Amino acid sequence: MNPTTTDLDSFEAALLQDLRDEVALRGSAPMSAPREIRADAPPTVASRSVRRRRSILATAVAAAATAAAWVTVPTPGASPAYAVSATTDGNVTVTVDRLEDAAGLQAALREHGISAVVDFLPGGMVCRDEGRYAQASSDHRGLLSTSIQGSSLTFSIPRNWLAPSETLVISLSTSPSPGEHDTVFAMGFGVAEGPVGQCEPAPFPQVVVESGA
Amino acid sequence: MSHPPNPLASIAVDPDALESFYRQHLPIVRGFVARRVADPELAADLTADIFLAAIDAAPGYDPGRGSPSGWLYGIARHAVATQRRGEARAQRALTRVAGRRPLQVDAITRAQERIDAERGARLLYEAMSALPAGQRAVLELVALDGLAVREAADVLGISPVSARVRLHRARTFLGAALTCETTTPFTSPTEVLT
């Protein structure tokens, strides 16, 4: 037999707790029939659960980010995760209700001609901006309009707002409060010139602009 | 009774049994993953996938078809194959659920240590990619994971004789491939995921 491992790192300890929770949940429910593991099977509820836990367990690995354009958003509520639409004048409007499918949102923006890098982060975290990308030299501030209704965050990108070499960098964060890990809590955006590096999560900056409603 | 009791049935419903199984088999999974992927985040995801799949499959474990460790190797192979085959799809699924999240520093450090230590094994693993699937499966388990031929045969559900034949062919093939490979300077591991 293999020796029992007592020395767990933080991930392994967290995973163990998640697995225990998962098993406890199953143990309290009627047993389902054993099923064969299929390599092409879709993710189980359990795997989603554990991956979700990994997001909650995230901690800082870098220094605090600089405060960019941060807006906090009231959290309660649920509806479609996001929507991207173009108006007749060529502007693109994005509405985000829940932080699901960052890649999908990124692809949807690209379909509307917007080069973007989208990251969703767990509560209290933002992407560290330093060294991640070169800020575009032209000033885009104030041109991207943002509005908040309930838990829904909407922003509008004017037609031809980005030069061909520029990328809109969007970071959306969930609430650090327990039970509110799906809804949009804060948003940061910037415009990059050239390539954009991988998001390096850092603690949420203390300088924020409180939304009115 | 024709069927012996299933010693793993309890890990699907009893948290203490699950913890015991987890602690007992974590070294196997750590090594298995580190010999195949070079990215700590991906390694963490695979580790979670493997144990979740084990919990799913535990009620169907048949002790007559091999040890729990061998059974777990089979599950781990499925998890890695799934990740490799549908990497883009899996990444989308991950993003949809929660996105890639950072591990804490201690977990990254330890995962990276294991990954660095298994650099040679991963070179071998990559070199195996040219092999037919059946030969590769046996060679992986024997040469990479250190299983006995009989254990590898159990994992794959084939006879030990068949496993030996595949192993011999794989080694013959791979001997030439590795000779070529070692003439190329080995570069530092790249980050697999973005």
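Computed from a prediction, not measured in an experiment: that's the story for all the values here. Only heavy atoms go into these numbers, but all of them, side chains included; no hydrogens, no water, no symmetry mates. Lettering of chains follows the sequences in order, A, B, ..., and the numbering in each one begins at 1.
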Closer than 3.5 angstrom, by distance alone: can the side chain of B:Y22 be matched with the main-chain N or O of A:L15 as a donor-acceptor pair? no
Under-4.0 Å salt bridge between A:D7 and B:R110: yes
Does B:R169 have more than 12 heavy atoms from other residues, nucleotides or ligands lying within 6.0 Å of its CZ? no
Are B:L18 and A:L16 close enough that some pair of their side-chain heavy atoms sits under 4.5 Å apart? yes
List the residues meeting side chain to side chain contact (heavy atoms under 4.5 Å, CB included) with A:S115, not counting sequence neighbours, and say none if there are none. A:R110, A:T167
Nearest 0.5 Å, what's the CG-CD1 distance between A:L19 and B:I55? 4.5 Å
Taking all non-hydrogen atoms of both residues into account, name the closest pair between B:A107 and A:F11 and its distance. CB-CB, 3.8 Å
Can you give each donor-acceptor pair under 3.5 Å made by side-chain atoms of residues 143-165 of chain B, sequence neighbours left out, with the distance rounded to 0.1 Å?
from, atom 1, to, atom 2, distance (Å)
B:D145, OD1, B:R35, NE, 2.8
B:D145, OD1, B:R35, NH2, 2.8
B:D145, OD1, B:R36, NH1, 3.1
B:D145, OD2, B:R36, NH2, 2.7
B:E151, OE1, B:A148, N, 2.9
B:S159, OG, B:S162, N, 3.0

Please check if the side chain of B:D106 supplies one atom and the backbone of A:D9 the other of a donor-acceptor pair under 3.5 Å. no
Please report the C-alpha distance between A:V23 and B:E19 in whole Å, then the side-chain angles of each, then the deciding distance to 0.1 Å, and finally whether the side chain to side chain contact (heavy atoms under 4.5 Å, CB included) criterion is met. CA-CA 10 Å; A:V23 167; B:E19 177 163 350; over 6 Å; no
Would you give the length of the straight line joining atom CD of A:E12 to atom CG of B:L26, rounded to the nearest 0.5 angstrom? 4.5 Å
